[in-house]
Amino acid sequence: MTAPRAPIVVGVDGSDTARAAVAWAAHAAHLHERPLRIVSALGAPTPYGDGIRLPQSYFVDRDRAVHTYLDDAAHIARTEAPDIDTTTDVLEGPARPALLDAASSAHLIVVGSRGLGRVTAALAGSVAVALTAHAHCPVVVVRNRAVPVVGDVLVGVDGTDNSRPALAAAFDEATLRGRTLAAVHTWSPLSMSTAFDDQLDLPWDEVEVAEQAVLAESLAGWTDRYPDTPVTRAVVRGNTAAILSERSVDAELLVVGSHGRGGFAGMLLGSTSTTLLHTVSCPLMIVRTTSGRPHTADQYVTVT
């Protein structure tokens with residue numbers, strides 16, 4: 001008997017970005033041929049403190065609102081991808097633990113970049129950090145673009161084993177979508193600032209060649225595995241978040257790893273992650289490294 005495929009999970013709270021997240025997730029479920037699970041969290045039983053007794057009408061209105069969010073989201077999903085298996089679920093408790101639990105059995109989990117308070121409010125805060133730091137599946141953060149962009153799948157490459165899961169996911173998405181994969185490797189000799197790079201007497205040409213080799217080595221094997229997926233390469237000196245944010249304007253999706261060196265180091269706990277969450281124009285996929293062991297292309301390929 002064939003085991004059921006892990007679903008794509010999307011969290012909703014009635015906000016515009018949550019609706020955009022549902023549409024993105026439904027399209028992704030169609031591409032990946034996976035079921036879609038739409039969830040909404042009820043929140044804390046006593047949001048104003050344990051000492052305050054709330055009237056029963058509060059809970060009735062809350063439950064009604066959550067079911068409305070789910071019904072609206074299901075309608076969006078079935079309009080976007082009528083062929084997929086779509087289910088809805090109410091999650092008990094606060095959003096952070098509820099979504100982490102939902103992510104434990106998901107292929108990937110999707111949320112909007114801003115919300116009404118239960119699922120996607122303040123993604124630079126506890127919910128986003130918890131998902132990206134602890135979810136064992138990729139996390140996708142979706143903005144509400146006025147007009148969806150059809151463009152390249154952009155991936156940040158830092159040259160370490162930690163970026164391999166992101167490369168795998170990016171190649172997968174580019175292949176499924178029939179898009180070009182745009183691989184970007186950023187570098188800077190100064191961790192604090194690049195303002196005075198041009199005043200330093202360093203062999204920049206040699207450094208550039210070395211960084212080009214880092215990107216080429218990172219892509220080796222992946223391009224062999226995905227010969228029909230066009231790949232463009234860019235090695236850019238400068239701030240990682242600024243470069244990726246600028247290039248995300250014309251991208252369909254940006255994929256990054258959760259750990260790495262240089263500009264990606266500690267990105268989910270520092271300024272780079274915060275900047276990307278607030279400034280990227282396209283959906284952002286964050287692929288967490290779950291093991292320090294070396295990775296190979298064969299471990300991640302899901303498209304034939």
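All residue numbers refer to positions in the sequence shown, counting from 1. The structure presented is a predicted model; accordingly, all values stated were derived computationally and were not measured.
- To the nearest 0.5 Å, atoms CD1 (I84) and CG (L36) are separated by 4.5 Å.
- V236 and V249 are assigned to two separate hydrophobic clusters, defined by single-linkage of ILVMFWY side chains at heavy-atom distances under 4.5 Å.
- With a 4.5 Å cut-off on side-chain heavy atoms, L253 and W24 count as touching.
- Distance check: L244 CG to L284 CG gives 9.0 Å after rounding to the nearest 0.5 Å.
- For the atom pair CG (D224) and CG (L219), the distance works out to 10.5 Å, reported to the nearest 0.5 Å.
- Within the 4.5 Å cutoff, no side-chain heavy atoms of V10 are placed close to those of V111.
- The distance from atom CD of E33 to atom CG of D85, rounded to the nearest 0.5 Å, is 13.0 Å.
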**Report entry** Check against side-chain contact (heavy atoms from CB on, under 4.5 Å), V12 and R19
**Finding:** CA-CA 7 Å; V12 300; R19 295 185 185 95; over 6 Å; no
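- The only option from T232, V153, V231 that meets the side-chain contact (heavy atoms from CB on, under 4.5 Å) definition with T180 turns out to be T232.
- With hydrogens and angles ignored, the 3.5 Å screen pairs no side-chain donor or acceptor of R143 with any backbone N or O of P283.
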Report task. Could you walk me through whether H30 and D83 pass the side chain to side chain donor-acceptor pair (under 3.5 Å) test, one step at a time? Result -> CA-CA 7 Å; H30 168 74; D83 60 318; 2.8 Å; yes
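- When only modelled atom types and interatomic distance are considered, E80 and H75 share no side-chain donor-acceptor pair under 3.5 Å.
- The side-chain heavy atoms of R179 and D152, taken from C-beta on, include no pair separated by under 4.5 Å.
- Here L167 contributes atom CG and D172 contributes atom CG; the two are 12.0 Å apart, rounded to the nearest 0.5 Å.
- Put simply, the side chain of P7 does not reach to within 4.5 Å of the side chain of R34, judged on heavy atoms.
- The NE2 atom of H185 sits 10.0 Å away from the CD atom of E217 when rounded to the nearest 0.5 Å.
- Annotation: side chain of L131 is in contact with side chain of I109 (closest heavy-atom distance under 4.5 Å).
- The closest side-chain heavy-atom distance from H107 to R37 is not below 4.5 Å.
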